[in-house]
There are 2 protein chains.
Amino acid sequence: MPVHQHIRVTADAVVLRFTSKEGMKVLLSKRSIPPHIFKWGLPGGFIRNDEPVEDAVHREIRDETGLRVNYLEQFRTFGEPERDPRGRVLCVAHIGLIKPSATKLVPGAGNKEARWYPVRELPQMAFDHDVVIAAALDHLRLKMRNEPLAFELLDAKFPVSELEKLYEWLYDRSVDRRNFQKKIHNLGLLTTQQEKLKHPLQGRPAQLYSFNRERFIELREKESYIEIFS
Amino acid sequence: MPVHQHIRVTADAVVLRFTSKEGMKVLLSKRSIPPHIFKWGLPGGFIRNDEPVEDAVHREIRDETGLRVNYLEQFRTFGEPERDPRGRVLCVAHIGLIKPSATKLVPGAGNKEARWYPVRELPQMAFDHDVVIAAALDHLRLKMRNEPLAFELLDAKFPVSELEKLYEWLYDRSVDRRNFQKKIHNLGLLTTQQEKLKHPLQGRPAQLYSFNRERFIELREKESYIEIFS
DNA sequence: TCAAAAGTGTTGGGGTTACACCCATGA
DNA sequence: TCATGGGTGTAACCCCAACACTTTTGA
């Protein structure tokens, strides 16, 4: 019966950042205590008795890395009995999305070392955190076709190509640049900005856009089904 | 720190069944103990210290209703600090799908009363279980466009119209019967059975089909994206 | 002037939409 | 024979895929 239950619960986050230059990266922090000491793991930790789960995630991310995500969503709870050598520990896993301009790590913000790792070149991970990251990406793949999550990973103003590269990275296939532009513009999800991209490394400077959330909400009410990416 | 953490965890299930005649129904059991005594709630309960979460769900469903689901998937964990008057209790919520032919409730299987309720006409619910049910349906809506979950809700052999009505119910809009048939058949997901529906209430007996899972897996490997329903 | 990346236009084909008609059964 | 639901077919249309060419910048 419940009185005998002894299960502990952590809240952890797969915090992602994306740039076309560096691809998708995940925020890891180096463990400074056992178990799995010195391995890399997801930011997170035990939730407090009267603390909402999401609050715990925000707190842990901030304490361990000094960062603040602008989107946070729970996606699954991992609970295999043997996943933590300390005993039964459930992990309520979240996806955090952060804009590239807000990802500068403050060295020694907490007393833990934190780093951005390319999602496809992970170091040796603590616990089952490699599985958690893979599941997070699967969840993203499921949602990003219909929900405007991509814009949470881009700066407020961005070129269309950056959006395109994000989808290309996530679904691991190339897309025709011109058809992609047409489709996005036909949906009307982008608002043209005054500015253009300053000092591109090469080539013509790209027009900058912002995400038109009002338009998206309006669309969602009108249409029975919105497909951002196929 | 973790030593002071006192959080309990339940595993609960939104078990669904669907028929075109009766629509979508959810399995509820009447609470026989406080809190929320005599209200209706989801089958579920505290997980054991060394028990996998999914096993706990299967066990609770069986004990409370005598049923066995043929599909079970975790979809979210509910953890607001005030959701349970007994203290901090997390609920790892699952979706269970069951075929109509396997849903006969054995009265008094456990010592709890269980019943199938129409999802759109719920009684007064215990805890936040009405919210949990709504979230389960949202999750289903997200997945059923691309994943073959619909077939978990239909008997092994079913008429196309039953599949169509299921999608119509879930997405709450009508679909052209003829176009729906064409699309499904073009995908090649259905295997024609020898039999036809016996003794329809009215009209011509429908051809029965079964889900061709091999074909679906083959499709998934070949195509970058499968859309069962738009 | 050239390379590189961005923006715009055209075409053909496949799939969806919107239709009508016939078939099989029970009453 | 009639009502009811099931099965099949066709045409218009739209969206998407596959293309080429022009524009704007830095070097």
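Source: prediction; values computed, not measured. Hydrogens, waters and symmetry mates play no part in the numbers below; they use all other heavy atoms, side chains included.
Whole-Å rounding puts the Glu227(A) CD to dC14(D) P distance at 18 Å. Spacing between atom NZ of Lys198(A) and atom C1' of dG26(D) amounts to 15 Å, rounded to whole angstrom units. Between the CZ atom of Arg177(A) and the C1' atom of dA20(D) there is a distance of 11 Å, rounded to whole Å. If you measure from atom CD of Gln207(B) to atom P of dC23(C), you get 17 Å, rounded to the nearest angstrom. Here dA6(C) presents its P atom at 11 Å from CG of Leu201(A), a figure rounded to the nearest Å. If you take CG of Leu208(B) and C1' of dG7(D), they are 14 Å apart, rounded to a whole angstrom. Rounded to whole Å, the distance from CD1 on Ile228(B) to P on dT16(C) is 13 Å. We find that CG of Leu197(A) is positioned 11 Å from C1' of dT25(D), with the value rounded to whole Å.
Between Pro205(A) and Pro205(B), the one whose closest nucleotide on DNA chain C sits nearer the 5' end is Pro205(A). Summary of the strand contacts: Gln202(B) and Asp176(B) both lie near DNA chain C, and taking for each the nucleotide with the nearest heavy atom, the more 5' one is attributed to Asp176(B).
Interface remark: the Asn179(A) side chain does form a donor-acceptor pair with the dA17(D) base, using a distance-only criterion of under 3.5 Å. On a pure distance criterion of 3.5 Å, no polar donor-acceptor pair joins the side chain of Arg204(A) and the base of dG7(C). Not a single donor-acceptor contact under 3.5 angstrom links the side-chain atoms of Arg178(A) to the base of dA17(D). With hydrogens and angles ignored, a donor-acceptor pair closer than 3.5 Å exists between the side chain of Lys182(A) and the base of dT10(C).
Under a 3.5 Å cut-off, the side chain of Gln207(A) and the backbone N or O of Gln193(A) do form a donor-acceptor pair.
Under the side chain to side chain contact (heavy atoms under 4.5 Å, CB included) criterion, Asp155(A) pairs with Lys99(A), Pro100(A), Ser101(A), not counting sequence neighbours.
Both tests hold for Arg145(B) against Tyr225(A): distance to the six-membered ring centre under 6.0 Å, angle to the ring axis within 45°.
Lys183(B) comes within contact range of the sugar-phosphate backbone alone, with a heavy-atom separation under 4.0 Å but no base atom that close.
Using modelled atom types, one finds no donor on one side chain facing an acceptor on the other under 3.5 Å when comparing Asn186(A) with Lys183(A).
In this structure, Leu170(B) and Glu168(B) have side chains that are not in contact, with every pair of non-hydrogen atoms separated by 4.5 Å or more.
Ring geometry, Phe127(A) versus His36(A): the interplanar angle exceeds 60°, so the pair is classed perpendicular (tilted spans 30 to 60°).
Under a 4.0 Å N-O distance rule, the pair Arg220(B)/Glu147(B) qualifies as a salt bridge.
Within residues 147-170 of chain A, no residue places a heavy atom under 4.0 Å from DNA chain D.
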